[in-house]
Amino acid sequence: MREGHEGTGPGAITPDGCAVELYTRLPVGDEPEVIAGVAPEGARILELGSGVGRMTHPLIERGFTVTAVDESAQMLERVRGARTICGPIEELDLGERFDVVLLASFLVHTGDREVRRGLLATCLRHVADDGCVLIQREGADYHTNVPRERVDPRGFTVRVVSAEPVGDGVDSVFVEYLFPDGEWTQTFRARPLTEEQFDAALGEAGLKAERYLTEDRTWVKAVPAVPAG
């Protein structure tokens with residue numbers, strides 16, 4: 001397990017505390033529409049942290065070619081129709097460029113600054129000069145509006161129970177997922193980032209925010225600050 005990460009519940013648990021079976025049950029949101037609204041038709045997409053393919057599969061259905069990367073082999077076993085690569089995202093170097101690099105699931109908020117630098121360096125290393133990096137940020141009140149819960153009409157509840165400071169600007173976040181036939185929890189470390197801090201992290205990595213894609217400003221289109229060519 002990664003430091004400060006833990007998961008409970010039936011089935012395999014990944015190094016960051018995600019339960020594989022849980023993520024096969026969770027539906028995808030509007031992320032594929034957000035991505036499809038920006039990606040060129042038929043684009044080659046590098047999806048960093050694909051999990052079981054909740055976004056991968058809708059993107060393939062929309063005509064994109066997806067390379068799915070995850071550090072969990074158990075997650076990647078559930079992915080269909082994409083090239084899959086198992087390994088830590090922050091160490092990835094495929095020697096190729098993509099029209100779109102996708103860093104979703106709030107991965108940019110990892111509590112470890114060095115891991116974040118590695119994630120963003122991977123994004124820059126793999127994005128084409130005229131391509132873009134699509135990054136999903138946490139909502140402005142993600143760490144302060146706790147406890148909170150969402151009851152999904154499909155019959156399950158997601159409850160963010162707590163976000164407790166553990167030092168150096170990092171919170172330990174505890175989430176429960178309640179289904180009629182099973183329960184899972186995940187504990188992980190996350191670093192809140194203001195837009196200024198987020199912009200600074202992008203700049204350090206050689207990227208810059210071009211525009212926000214959603215009203216809640218959780219999805220950002222970033223581009224290389226200086227094209228490599």
Please examine the side chains of E31 and W219, heavy atoms only from C-beta on, and report whether any two atoms are closer than 4.5 Å. yes
Considering only heavy atoms from C-beta outward, does the side chain of V158 approach that of E149 to under 4.5 Å? no
So, D181 and R25, do they make that salt bridge, N to O below 4.0 Å? yes
Heavy-atom check, side chain of I135 versus side chain of V133, under 4.5 Å: yes
Among side-chain atoms of E47 and T56, is any donor-acceptor pair under 3.5 angstrom? yes
Got a salt bridge between R189 and E164, using NZ or NE/NH1/NH2 to carboxylate O under 4.0 Å? no
Side chains of V69 and S50: does their closest heavy-atom pair fall under 4.5 Å? no
Candidates T67, V66, V79 - the one meeting side-chain contact (heavy atoms from CB on, under 4.5 Å) with T84: V79
Would the F106 and Y142 ring centres measure less than 6.0 Å apart? yes
Will you find, in the side chains of T110 and D112, an N or O donor that is under 3.5 Å from an N or O acceptor? no
Test item: Q136 side-chain N/O and S105 main-chain N/O as donor-acceptor pair under 3.5 Å: yes
Checking the side chain of R54 only, and the main-chain atoms of T24 only, is there a donor and an acceptor separated by less than 3.5 Å? no
Is there a donor-acceptor pair under 3.5 Å between the side chain of R80 and the backbone N or O of G53? no
Flag the pair M75 / C18 as yes when at least one side-chain heavy-atom distance between them is below 4.5 Å, and no otherwise. yes
For D129, is there an ion pair with R97 - N to carboxylate O distance below 4.0 angstrom? yes
So, taking the atom named CG in D199 and the one named CG in L207, what distance separates them when rounded to the nearest 0.5 Å? 11.0 Å
Between W184 and P10, is there a side-chain heavy-atom distance shorter than 4.5 Å? yes
According to a 4.5 Å side-chain heavy-atom criterion applied to Ile, Leu, Val, Met, Phe, Trp and Tyr, with indirect links allowed, do I85 and L107 form part of one hydrophobic cluster? yes
Is there a path of hydrophobic side-chain contacts, each under 4.5 Å between heavy atoms of I/L/V/M/F/W/Y residues, joining L119 to L102? no
Any donor-acceptor N or O pair under 3.5 Å, side chains D70, S72: no
From the list V170, V108, D171, side-chain contact (heavy atoms from CB on, under 4.5 Å) with R191 holds only for V170
How long is the gap from CD1 on I35 to CG on L213, to the nearest 0.5 Å? 9.5 Å
With R154 as the cation and F179 as the aromatic partner, state whether NZ or CZ is under 6.0 Å from the six-membered ring centre and within 45° of the axis. no
Shared hydrophobic cluster, L94 / L48 (ILVMFWY, side-chain heavy atoms < 4.5 Å): yes
Is it the case that the side chains of E138 and H143 hold a donor-acceptor pair, with the cut-off being a distance below 3.5 Å and no angle test? yes
How far does OG1 of T122 sit from CG of L46, to the nearest 0.5 angstrom? 8.5 Å
Is there a donor-acceptor contact under 3.5 Å from the side chain of R137 to the main chain of L193? yes
Check this for me, if you would: do E96 and R83 make a salt bridge, where the nitrogen-to-carboxylate-oxygen distance has to be below 4.0 angstrom? yes
With a 4.5 Å limit on heavy-atom distance, are the side chains of R62 and P32 in contact? yes
The residue among V160, V173, V175 that forms side-chain contact (heavy atoms from CB on, under 4.5 Å) with V146 is V160
Give a yes/no verdict on a cation-pi contact between R44 and F64, requiring under 6.0 Å between NZ or CZ and the six-membered ring centre and an angle within 45° of the axis. no
Hey, does the side chain of E91 reach the backbone of P88 with a donor-acceptor pair shorter than 3.5 angstrom? no
What is the distance from atom OG1 of T65 to atom CD1 of I45, rounded to the nearest 0.5 Å? 8.5 Å
Between L92 and L103, is there a shared hydrophobic cluster once you connect ILVMFWY residues whose side-chain heavy atoms come closer than 4.5 Å? yes
Nearest 0.5 Å, please: how far is CD in E176 from OG in S162? 9.0 Å
Just so I know, are the side chains of E195 and R217 near enough to count as touching, which here means a heavy-atom distance under 4.5 Å? yes
Just how far is it from atom CZ of R125 to atom CG of L120, taken to the nearest 0.5 Å? 11.0 Å
Do R2 and E71 meet the salt-bridge criterion of a basic N to acidic O distance under 4.0 Å? yes
